[in-house]
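Predicted, not measured: the structure shown is a model, and the values here were computed from it. Whatever order the structure lists them in is the order used to number ligands and atoms, beginning at 1. Sequence positions, counted from 1, serve as the residue numbers for this chain.
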Amino acid sequence: MKAIYPGSFDPATYGHLDIIERAAEKMDHLIVAVLDNPSKNSLFSINERIGLLKEVTKHLSNVEIDYFSGLLSDYASRRECYNMVRGLRAVSDFEYEMQMALVNRSLNPKIETFFMASDNKYAYLSSSIVKEIAKFGGSITHFVPKAVENALKEKYEGRK
Ligand code: ADP
């Protein structure tokens, strides 16, 4: 089975990587699709987010990193892949994720969304929290892979 794991990945954390690794084990092919949304104020450019994801998934031979803009349902049609993977951390994720899954299915009935429960260790982890900690010089070693840690340091040090 082939699936798409869509998201902003601004930047990728160990929480994302855990979902990618577990999904890749179950799927023949996993497309990690980075959303290029200029109206979302991203810290990392689309190329930087893609580069970091490629770096941290290079040990996974059936994982492809791609990007899309616009509607996920249009991207699904272009890629001829209608299985979506999304991660669920806490109940707080549920409402938004459910809404997205239903909207996507109403746009294209072929689309199915598969939810994967976050690992306990990463249930509190989000890209926003990691950016907030990095911004104030806190340690993010346990939250993101080394390449992402370095990129965050560079971003915030470069801004000082
Ligand atoms: P989006 O802006 O589309 O929510 P994110 O990059 O924040 O993009 O998240 C992409 C997906 O990864 C979402 O399904 C989100 O719930 C999931 N996710 C984010 N952080 C974690 C985590 N720590 N553990 C499990 N899933 C996560």
Can you tell whether the side chains of [X] and [Y] come within less than 4.0 Å, N to carboxylate O?
X	Y	value
Arg22	Glu25	no
Arg79	Glu64	yes
Lys155	Glu48	yes

Any N or O of [X] that comes nearer than 3.5 Å to an N or O of ligand 1?
X	value
Ile19	no
Thr13	no
Lys40	yes

Can you list the atoms of ligand 1 that are under 4.0 Å from a heavy atom of [X]?
X	value
Gly7	3 (O), 8 (O), 10 (C)
Ser118	24 (N), 25 (C)
Phe9	6 (O)
Glu97	13 (C), 14 (O), 16 (O)

Looking at non-hydrogen atoms alone, which of [options] comes nearest to [atom]?
atom	options	result
atom 19 (C) of ligand 1	His16, Arg22, Met116	His16
atom 1 (P) of ligand 1	Ser127, Ser128, Ser8	Ser8
atom 16 (O) of ligand 1	Pro11, Ser126, Gly87	Gly87

Please name the pair of heavy atoms, one in Asn108 and one in Ser73, separated by the smallest distance, quoted to 0.1 Å.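 The pair with the smallest heavy-atom distance is CB-CB, 4.4 Å.
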Do [X] side-chain atoms and [Y] backbone N/O form a donor-acceptor pair below 3.5 Å?
X	Y	answer
Lys131	Asp10	yes
Asn83	Phe114	no
Ser126	Ile129	yes
Ser42	Pro38	no

Below 4.0 Å from any atom of ligand 1, is there a heavy atom belonging to Tyr5?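 Yes, that is the case, since the closest heavy atom of the residue is under 4.0 Å from the ligand.
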Using heavy atoms and a 4.0 Å limit, tell me yes or no: is Met100 in contact with ligand 1? no
What is the ring orientation for His16 with Tyr5, classed by angle as parallel under 30°, tilted 30 to 60°, or perpendicular over 60°? tilted
Could you find the nearest protein heavy atom to atom 4 (O) of ligand 1 and give me its residue, atom name and distance?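 Of the protein heavy atoms, Arg86 NH2, 3.3 Å lies nearest.
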Which protein heavy atom lies closest to atom 21 (C) of ligand 1, and at what distance to 0.1 Å?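 Protein heavy atom with the smallest distance to atom 21 (C) of ligand 1: Arg89 CD, 3.5 Å.
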